[in-house]
Novice: 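Just passing along the structure, written as C-alpha cells.
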Protein chains: 2
Amino acid sequence: MMSLTLVELANRSGVSSSHLGRIERGERFPSARILQRMAKPLGFEENELFALAGYLSASSPRLAEEGPSYIGGRLDPYVAKVLSQEPVDVQRAVIGILSLLKSIARGMTKE
Amino acid sequence: MMSLTLVELANRSGVSSSHLGRIERGERFPSARILQRMAKPLGFEENELFALAGYLSASSPRLAEEGPSYIGGRLDPYVAKVLSQEPVDVQRAVIGILSLLKSIARGMTKE
DNA sequence: ATCATAATTCGCCAAATGGCAAAAGTCAAA
DNA sequence: TTTGACTTTTGCCATTTGGCGAATTATGAT
C-alpha cells in the first residue's frame with residue numbers, strides 16, 4: 001500500500017493532521033468515530049480496525065443476514081427510520097410512553 | 001425480556017448506574033468501550049450495538065440495507081431493542097402516538 | 001402517614017479526546 | 001547558505017465522557 005502523509009490522510013479522513021500525528025506517536029488513543037473515518041483511507045473495513053483497536057472483541061460474530069433482528073423480535077424498518085429522525089430523548093420518551101400504556105393496559109385487565 | 005434496573009445493568013456491565021442513567025436519558029453518548037461492556041448484558045452482539053450507535057457504518061460488511069443508520073438520524077439501541085420485542089402493530093402505533101404528540105406540541109408553540 | 005430500602009438523578013470534577021494555530025523540522029531548488 | 005513549500009509536532013483549550021458520592025424520588029411494608 002502506498003504510504004500517505006499525515007496531511008493526505010487528514011484530507012481523506014477529515015481528521016486533523018495534528019491529531020493523526022498524536023495517534024501515530026501514541027500520545028492519543030483514537031475514539032471509535034475517528035477510527036471509523038480513518039478506516040477506508042487506510043484500506044481497512046471498519047470492524048477490522050475496531051477489532052485491532054480493541055473496540056470489538058475477537059470473539060464477536062458476524063451480524064445475522066437479516067440485519068437488526070434481536071433476540072425474540074424484529075424492528076419494523078419504517079418505525080426504525082422514523083424514530084431515527086428524532087432526537088435521542090424523544091426516542092427514549094417513546095419507550096416511556098409505551099411502558100406507561102402497557103401498565104395501564106395491565107391495570108385494566110386486572111379489574 | 002426481563003427488564004433490568006440501572007443498578008442491575010451496572011453490576012453486570014461494570015458501568016456505573018449514574019452514567020447508565022444519563023445515557024438512558026440522552027444526557028451522555030456512550031463511548032465504544034462502554035457499549036462494548038453493555039452489549040452482552042443487554043442481549044446484543046457487540047457489532048450490532050456499534051452499528052446501532054453509528055460507530056459502524058451501514059456500508060460495513062454484513063449489515064443489511066435496512067440497517068439502523070439512516071440519513072440524518074441515528075436510532076438509540078435501547079429503543080430499537082425494546083421496540084423490536086413488540087408486535088409490529090404496536091411499533092406502528094408508537095409512531096402514530098409520536099406524530100400526535102408532535103402536532104399537539106406544534107399547536108402549543110403557536111400561542 | 002411513616003419508614004426503610006432501592007432506584008434514579010444530580011453536582012461536581014478528573015481524565016481524555018480532538019482541533020486550531022503556531023512553531024519546528026525536512027527537503028529540494030536556487 | 002538561504003528560501004519556500006510541505007510535513008510534523010506542540011501548546012493550548014473547548015468539549016465530552018464517566019465515576020464518586022450525595023440528594024432526590026419511588027416503592028412497598030407497617
Side-chain angles (χ1 to χ4, degrees), chain A residues 1-42 44 46 49-57 87-108 110, chain B residues 1-44 46 49-57 69 73-79 81-82:
Chain A
M1 180 185 77
M2 183 193 324
S3 62
L4 295 164
T5 66
L6 291 172
V7 169
E8 283 170 332
L9 182 56
N11 289 337
R12 294 184 193 195
S13 66
V15 179
S16 75
S17 62
S18 62
H19 190 42
L20 291 171
R22 287 193 160 108
I23 293 169
E24 190 170 70
R25 292 191 302 283
E27 289 174 26
R28 290 283 191 271
F29 195 85
S31 66
R33 291 204 187 288
I34 296 294
L35 284 182
Q36 191 177 24
R37 286 150 77 188
M38 290 168 63
K40 284 197 193 310
L42 290 175
F44 284 95
E46 284 173 4
L49 208 49
F50 279 41
L52 285 171
Y55 283 125
L56 280 173
S57 303
V88 172
D89 57 358
V90 171
Q91 296 175 23
R92 296 295 178 83
V94 151
I95 300 304
I97 291 164
L98 181 58
S99 297
L100 181 61
L101 291 172
K102 285 167 77 174
S103 59
I104 289 169
R106 280 198 291 272
M108 288 170 71
K110 277 174 183 170
Chain B
M1 178 193 75
M2 181 195 321
S3 63
L4 293 167
T5 65
L6 291 174
V7 170
E8 285 171 330
L9 181 55
N11 289 337
R12 295 184 192 195
S13 66
V15 180
S16 76
S17 61
S18 61
H19 190 42
L20 291 171
R22 288 194 158 107
I23 293 169
E24 188 171 70
R25 291 190 305 281
E27 291 173 24
R28 290 281 190 273
F29 195 84
S31 67
R33 292 208 186 286
I34 297 293
L35 285 182
Q36 194 177 22
R37 286 149 79 191
M38 288 169 64
K40 285 199 191 312
L42 289 175
F44 286 93
E46 284 173 5
L49 208 46
F50 278 41
L52 286 167
Y55 283 126
L56 282 171
S57 299
S69 194
R74 174 166 55 239
L75 183 59
D76 182 86
Y78 174 72
V79 170
K81 180 170 171 53
V82 169

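By convention in this document, chain letters (A, B, ...) are assigned in the order of the sequence lines, proteins followed by strands, and residues within each chain are numbered from 1. This is a predicted model, so every value here is computed, not measured.
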Novice: Report the nucleotide, chosen from dG19(D), dG18(C), dG19(C), that has the shortest atom-to-atom distance to any side-chain atom of Ser16(B).
Specialist: dG19(D)
Novice: Taking Glu46(B) for the side chain and Ser57(A) for the main chain, is one N or O donor matched with an acceptor at less than 3.5 Å?
Specialist: yes
Novice: Given atom CG of Leu9(B) and atom P of dA6(C), what is their separation to the nearest angstrom?
Specialist: 19 Å
Novice: Arg37(B) near the nucleic acid: base, sugar-phosphate alone, or nothing, with a heavy-atom cut-off under 4.0 Å?
Specialist: sugar-phosphate
Novice: What would the secondary structure line of DNA chain D be in dot-bracket form, counting Watson-Crick and G-U wobble pairs under 3.5 Å, with [ ] for pairs that cross earlier ones and | for pairs with another strand?
Specialist: ||||||||||||||||||||||||||||||
Novice: Taking side chain as C-beta onward, heavy atoms only, is Val15(A) less than 4.5 Å from Leu9(A)?
Specialist: no
Novice: Going 5' to 3' along nucleotides 7-13 of chain D, which nucleotides have protein heavy atoms under 4.0 Å from the base (write B), which only from the sugar-phosphate (write S), and which from neither (write -)?
Specialist: SBBBBB-
Novice: Tell me, please, whether Phe50(B) has Arg33(A) positioned over its six-membered ring: NZ or CZ under 6.0 Å from the ring centre and within 45 degrees of its axis?
Specialist: no
Novice: What is the distance from CG of Leu35(B) to P of dT17(D), rounded to the nearest Å?
Specialist: 12 Å
Novice: Nearest whole Å is fine: how far is dA7(C) P from Arg12(B) CZ?
Specialist: 12 Å
Novice: If I take atom CG from residue Leu49(A) and atom NZ from residue Lys40(A), how far apart are they, to the nearest 0.5 angstrom?
Specialist: 11.5 Å
Novice: In chain order, what residues pass the salt bridge (charged side-chain N to carboxylate O under 4.0 Å, His left out) check against Glu27(B), with sequence neighbours excluded?
Specialist: Arg22(B), Arg25(B)
Novice: With Ser17(B), which residues qualify under side-chain contact (heavy atoms from CB on, under 4.5 Å), at least two apart?
Specialist: Leu6(B), Val7(B), Ala10(B)
Novice: The criterion is salt bridge (charged side-chain N to carboxylate O under 4.0 Å, His left out); which residues satisfy it with Arg37(A), sequence neighbours excluded?
Specialist: none
Novice: Could you work out, with side chain to side chain donor-acceptor pair (under 3.5 Å) as the rule, every residue matching Ser18(A), not counting sequence neighbours?
Specialist: Ser16(A)
Novice: Take atom CZ of Arg33(B) and atom C1' of dT17(C), then tell me their distance rounded to the nearest Å.
Specialist: 13 Å
Novice: Can you pull every protein N or O that's under 3.5 Å from an N or O on nucleotides 3-5 of chain C?
Specialist:
none

Novice: Quick one: which protein N/O atoms are closer than 3.5 Å to N/O atoms of nucleotides 22-27 of chain D? Pair and distance per line, please.
Specialist:
none

Novice: Could you tell me the separation between the CD1 atom of Ile23(B) and the C1' atom of dT16(D), rounded to a whole number of Å?
Specialist: 12 Å
